[in-house]
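Supplied in structure tokens, the structure appears directly below.
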Amino acid sequence: MLPPDNANLTIARLAARVSFDGDSFANYAAATAANVLHRPASDTTKRTEENKAAQDAVMSALKVSPIRPALWLTLSTVKAQVGEPTTPALKMSYLTGAVPVDVAFSRVQTVTSSVAAADDEIRLLAQSDIRSALANRGRYAPLLIAAYVQATPQGKSLLTESAQMIDPKFKDILLRY
């Protein structure tokens with residue numbers, strides 16, 4: 001998602017305030033989070049305030065409409081930006097429904113680059129996302145390699161173990177990095 005400009009963010013905020021529609025809340029929350037993730041403030045205090053506002057917007061949307069796996073992933077990503085625990089929100093992202101392969105790949109990146117990769121339940125759930133990415137290997141192979149390079153040791157282990165089960169040749173490619 002591209003970060004919104006300030007005018008669109010203001011319009012989304014107003015729409016969310018006057019509506020009890022889950023889509024309006026979710027759109028505003030996603031726009032707020034995208035703004036924080038893609039245009040972080042240069043001032044540490046301001047960045048923390050914006051991150052907290054984004055988390056609050058996402059949590060408000062999830063209270064109205066909790067079955068939004070991509071929004072749970074957004075919450076996890078925003079929390080990760082400030083070093084907060086991400087595993088509970090990631091689990092909810094998996095447990096609330098299926099996502100398109102692009103979102104699944106984003107989840108793989110989030111899992112493999114965080115302490116969530118050490119959680120046995122997350123590891124099991126993440127294998128389905130890795131399987132989806134490997135099913136589209138032509139498109140996602142370079143991205144999976146980049147995720148592997150940036151992964152924590154537990155994330156690298158998750159990727160290599162999953163590749164061994166799904167596509168052993170790709171495991172060999174990962175191990176080159």
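Predicted model, so just to flag it, every value in this text is computed and none were measured.
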_M165 side chain near Q127 side chain, heavy-atom distance below 4.5 Å_ = yes

*Side chains of Q55 and N51: closer than 4.5 Å at any heavy-atom pair?*
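Yes; the side chains approach each other to less than 4.5 Å.
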
_Are the side chains of Y148 and L143 in contact, using a 4.5 Å heavy-atom criterion?_
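No. Closest side-chain heavy atoms not under 4.5 Å.
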
*Report the hydrophobic cluster partners of L75, with the cluster defined as I, L, V, M, F, W, Y residues connected by side-chain heavy atoms closer than 4.5 angstrom, directly or transitively.*
V58, M59, L62, L71, W72, M92

*For residues L158 and I122, determine if any side-chain heavy atom of one lies less than 4.5 Å from a side-chain heavy atom of the other.*
no

_When you measure from the side chain of D129 to the backbone of L125, do you find a donor-acceptor pair of N or O atoms at a distance under 3.5 Å?_
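Such a contact is absent between D129 side chain and L125 backbone.
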
*Indicate whether any N or O donor in one side chain lies under 3.5 Å from an N or O acceptor in the other, for R107 and S93.*
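Result is yes, a qualifying pair exists.
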
_Could you tell me if the side chain of T87 sits less than 4.5 Å from the side chain of K91, heavy atoms only?_
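Yes - at least one pair of side-chain heavy atoms lies under 4.5 Å apart.
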
*Taking only residues two or more places apart in sequence or in another chain, which ones pass ring-ring contact (aromatic ring centres under 6.0 Å, His included) with Y140?*
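Testing Y140 for ring-ring contact (aromatic ring centres under 6.0 Å, His included), a comparison that skips the adjacent residues, returns F105.
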
*Let me see the working for T152 and K156 under side chain to side chain contact (heavy atoms under 4.5 Å, CB included), right down to the final yes or no.*
CA-CA 6 Å; T152 64; K156 288 181 181 195; over 6 Å; no

_Checking side-chain polar atoms at under 3.5 Å, does S65 have a donor or acceptor matched by the opposite partner on R68?_
yes

_Could you list the cluster mates of V78? Members are the ILVMFWY residues connected by side-chain heavy atoms closer than 4.5 Å, either directly or through other members._
L37

*Does the side-chain hydrogen bond (donor to acceptor under 3.5 Å, both in side chains) test come out yes or no for S162 and R123, once each step is laid out?*
CA-CA 9 Å; S162 297; R123 289 176 71 87; over 6 Å; no

